[in-house]
Amino acid sequence: MTVIAGRYRLLDVLAEGATGTVWRALDETNRHEVALKEFRAPTGLPADEVPLLYARREREARAAARVSHPSAVRILGVATEDGRPWVVTELVRGLSLAETLEAAGPLPPREAARVGAEVLGALRAAREAGAPHRGVEPRHVLLANDGRIVVTGFGTAPGDDPGPEADLRSVGALLDAAASAPSASLPRSDAWAGVLRAVVEDLLREDLGDTDRPDRALTADGAERELRRVATGDARTTGATAGDPGAAPRGGTSVSPEGDPAGRRGSGGGNAGSVEPGSGRRPRRARPPRRILVLLAGLIGALLIAGALTYHLVRGDERGAGPGPGGVTSTVPAGPGATDGAGGGPVRPRS
């Protein structure tokens, strides 16, 4: 088997694209498996430009090695073989988001929001480290077997930075692909689909980041916060407007503690658990509908009346001369001078 830089033994191909091949390899210095990215020069590139391209790729990889985030793939180093850079990264076991969508279809809304939040967090960390992403796509996102969301493909040379708004739009497009499904295929009880759709629409707005419209400006921090709210099922009003944690998304969608948008309910308690847009106040505790209180009061009143009637009937039976409680004949005289049926003296209580 081929050994790269006298250290990495190639095992098998993990992925292949226009820019190169990703190999599973064994680091023979510590016997750990890693992923090894082999770069290829585009067909038709002049020979004198190939070394410049490889030098650029190496600079990008070394810059991306500074990115530190749980959802950013760890770059372990750069090896050189025959003048070409090979980027060494951690080996992430799992499927790409593209493979998952192709095999199983769209993700549930809350899972899609979790993916979006982790991807956006990784993109923000890369930008802070000076290695912004060129544009994340489903093939760049790995759904690891251990539950992690891992973004690959970091490293953009200076001058190629598309800007922070491009990060937000790429996450919006990613979520649009990851969660898009016909409305008939979504469970009616899943109220988070509409909430996530509102966040995605904000991420894809044409005036995203418009400094002339500060009320419409969307920050990466605000977008990540709203995605995490959807992912965790937070019942507070969800919106990604102007980075305000209390702001509602466009259309004023609010979510009740049961996870049902308030707009779906009828007039009986339809605003329970909602927050006025932009107020930032905590949601009010849901109150029971008035008709339930009336029914409870009526039931309690009926029980009290039935109890009173039963009490009077029992007391009336005890005062009669007929059989007493438990079927035992009464031994109490009916009144002064009462006698038994044989004409004898007054009846005495039996012992």
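Any value given below was found using the heavy atoms of this structure, including those in side chains, with hydrogens, waters and symmetry copies removed.
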| task | Return each pair, listed once, that meets side chain to side chain donor-acceptor pair (under 3.5 Å) where at least one residue sits in residues 66-82; pairs must be two or more places apart or across chains. | result | S71-E118

| field | Joint hydrophobic cluster, L123 plus V115, side-chain heavy atoms closer than 4.5 Å | value | yes

| note | When every non-hydrogen atom of G94 is compared with those of N145, the smallest separation belongs to CA-OD1, 3.3 Å

| Do the charged groups of R197 and D176 touch, with an N to O distance under 4.0 Å? | yes

| task | Report yes if some heavy atom in the side chain of L26 is under 4.5 Å from a heavy atom in the side chain of Y8; otherwise report no. | result | no

| Is a salt bridge present between R205 and E165, judged by a nitrogen-to-oxygen distance below 4.0 Å? | no

| message | Membership question, hydrophobic clusters at under 4.5 Å side-chain separation (ILVMFWY): are V141 and V87 in the same one? | response | no

| request: Only counting residues at least two apart or in another chain, list the ones meeting side chain to side chain donor-acceptor pair (under 3.5 Å) with E58. | output: R62

| field | Non-hydrogen side-chain atoms of V73 and L142 separated by less than 4.5 Å | value | no

| query | What about V22 and V151, same hydrophobic cluster or not, with Ile/Leu/Val/Met/Phe/Trp/Tyr joined at side-chain heavy-atom distances under 4.5 Å? | reply | no

| query | So T2 and R9, side-chain hydrogen bond (donor to acceptor under 3.5 Å, both in side chains) or not? Walk me through it. | reply | CA-CA 6 Å; T2 305; R9 184 176 298 278; over 6 Å; no

| request: Kindly indicate, with the supporting measurements, whether the criterion side-chain hydrogen bond (donor to acceptor under 3.5 Å, both in side chains) is fulfilled by T219 and D221. | output: CA-CA 5 Å; T219 65; D221 181 66; 5.2 Å; no

| Under 4.0 Å between a Lys/Arg side-chain N and an Asp/Glu carboxylate O for D167 and R124? | no

| Side-chain touch I149/L143, heavy atoms, less than 4.5 angstrom | yes

| If you group Ile, Leu, Val, Met, Phe, Trp and Tyr by side-chain heavy-atom gaps below 4.5 Å, do V119 and L107 land in one group? | yes

| field | Cluster overlap W23 with Y54, hydrophobic side-chain contacts below 4.5 Å | value | no

